[in-house]
There are 2 protein chains.
Amino acid sequence: MTEAPNKAEQILRVAERMARQGGYNGFSYRDIAKEVGIKAASVHYHFPSKEALGAALGRRYTERFLAGLGDPEDAEVSSSALLERYIGAFRRALVDEGQMCLCGLLGAEVAELPRPVAAEARHFFEKNIGWLSVVFARAPGERSPEQVRAAALQVIATLEGAMILARSLDDPQVFDAVTQGL
Amino acid sequence: MTEAPNKAEQILRVAERMARQGGYNGFSYRDIAKEVGIKAASVHYHFPSKEALGAALGRRYTERFLAGLGDPEDAEVSSSALLERYIGAFRRALVDEGQMCLCGLLGAEVAELPRPVAAEARHFFEKNIGWLSVVFARAPGERSPEQVRAAALQVIATLEGAMILARSLDDPQVFDAVTQGL
DNA sequence: CAGGATCTATCTAACGATTGGTAGGTAATT
DNA sequence: AATTACCTACCAATCGTTAGATAGATCCTG
């Protein structure tokens with residue numbers, strides 16, 4: 001039996017799903033409350049303001065995403081396997097869950113986000129750059145720190161763009177066509 | 001003397017600027033009206049509904065963007081110069097204008113957009129794939145139609161992602177670090 | 001050519017719905 | 001007694017949208 005998660009967790013799950021489809025304005029306290037089975041005012045008990053909820057969403061997403069990637073220093077996994085794992089994480093979100101990367105979407109809207117939310121989107125990318133940089137530093141071939149960072153940035157940009165493209169064209173194969181180049 | 005553009009044009013300009021910062025929910029009839037110097041109801045005279053305005057925004061953006069790229073068959077410009085021109089179009093939007101690609105942002109939100117708006121975002125990408133496919137078909141080296149299309153998709157995805165990353169990290173140099181790999 | 005009709009572009013004033021948020025109460029648990 | 005987790009009942013602001021009026025330009029007709 002899967003025991004019911006507490007309300008705060010349910011709120012985060014529902015809000016994340018909505019945010020990953022419509023962005024920061026894609027979820028509202030009332031819509032979340034309705035789906036969780038409480039009243040909108042009760043959502044404010046758990047998350048006092050929308051920007052607090054949005055920031056919590058970003059933080060939680062980043063933590064979960066990185067935890068799912070595992071240790072980039074793990075000597076038992078090759079750097080190329082780690083890169084495939086990274087690509088697979090994006091692919092699963094798109095193909096299996098039919099969802100956009102939360103921070104990719106927030107990143108696109110970053111200019112009009114409350115500061116704490118924008119900061120979480122930024123944090124997601126910084127952590128991702130760090131993870132991939134470890135992987136690329138391990139990969140065969142000489143690379144300066146700048147080259148390592150550039151390689152990481154290129155992979156992230158390509159994957160975020162691939163999700164947007166595949167969703168806009170309503171064709172998941174577009175994602176594979178793009179990532180075959182990585 | 002630059003003569004004042006008509007109101008419909010002014011509305012489109014203001015709405016586009018707002019949409020490129022905050023997405024489809026980033027512009028409102030009232031905000032547009034205030035900036036243009038008319039009342040919100042008068043905006044409805046020019047664009048009867050928000051989805052019509054959103055679609056007009058996308059169509060106009062696509063036309064202007066493609067016109068700015070020029071003819072991809074132009075024998076006087078090398079394919080590599082055309083690719084640089086394509087990258088430069090995105091770079092200018094980001095660095096000089098401080099704006100996101102309209103259709104990149106709409107594409108990220110595509111799941112919650114009115115159908116006609118989503119269709120325009122899709123149309124933008126289809127046209128871009130077409131333009132780049134002509135360029136890559138001209139480039140030296142043997143490439144199957146599938147490989148040509150994949151190369152086009154990879155470039156577009158990388159550029160859209162590069163804009164998101166550069167804006168999230170608040171560092172335009174990130175764009176250059178990403179595109180140096182193209 | 002005068003004058004009525006129509007068209008264009010705007011206005012005021014409102015509509016119902018939705019938004020994030022608050023105050024204050026309540027029942028159960030600690 | 002205090003805390004937790006909810007509730008009802010609001011609030012002001014904003015949303016897209018509509019109805020109906022108006023002033024000025026343009027057009028058609030007698």
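Reminder, nothing fancy here: chain letters follow the sequence lines and each chain counts from 1.
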Testing the 3.5 Å rule here: is there a donor-acceptor pair between the side chains of Tyr24(A) and Asn25(B)?
no
Whole angstrom value for the distance that separates C1' of dT8(C) from CG of Asn6(B)
13 Å
What is the distance from NZ of Lys39(B) to C1' of dT10(C), rounded to the nearest Å?
11 Å
From CD of Glu9(A) across to P of dA5(D) the rounded distance in Å is 14 Å
Less than 4.0 angstrom from a charged side-chain N to a carboxylate O is my criterion; do Lys127(A) and Glu63(A) meet it?
no
Using 4.0 Å as the upper bound for N to carboxylate O, is an ion pair formed by Glu109(B) and Arg20(A)?
no
Can you list everything that forms a salt bridge (charged side-chain N to carboxylate O under 4.0 Å, His left out) with Asp71(A)? Sequence neighbours excluded, please.
none
For dA5(D), does either OP1 or OP2 sit under 4.0 Å from a side-chain N or O belonging to Ser42(A)?
no
Side-chain donor-acceptor pair present, Gln21(B), Arg167(B), cut-off under 3.5 Å
yes
For Arg122(B), give me all partners under salt bridge (charged side-chain N to carboxylate O under 4.0 Å, His left out), at least two apart in sequence or on another chain.
Glu126(B)
Please report, rounded to the nearest Å, how far the P atom of dT22(C) is from the NE2 atom of His46(A).
16 Å
Gap between atoms OH and P, on Tyr45(B) and dC11(C) respectively (whole Å)
13 Å
Short N/O separations, protein against nucleotides 17-21 of chain C, under 3.5 angstrom:
{"unit_1": "dT19(C)", "atom_1": "OP1", "unit_2": "Ser28(A)", "atom_2": "OG", "d": "3.3"}
{"unit_1": "dG20(C)", "atom_1": "OP1", "unit_2": "Phe27(A)", "atom_2": "O", "d": "3.4"}
{"unit_1": "dG20(C)", "atom_1": "OP1", "unit_2": "Lys50(A)", "atom_2": "NZ", "d": "2.8"}
{"unit_1": "dG20(C)", "atom_1": "OP2", "unit_2": "Tyr29(A)", "atom_2": "N", "d": "3.1"}
{"unit_1": "dG20(C)", "atom_1": "N7", "unit_2": "Arg30(A)", "atom_2": "NH1", "d": "2.9"}
{"unit_1": "dG20(C)", "atom_1": "O6", "unit_2": "Arg30(A)", "atom_2": "NH2", "d": "2.9"}
{"unit_1": "dG21(C)", "atom_1": "OP2", "unit_2": "Lys50(A)", "atom_2": "N", "d": "2.6"}
{"unit_1": "dG21(C)", "atom_1": "N7", "unit_2": "His44(A)", "atom_2": "NE2", "d": "3.4"}

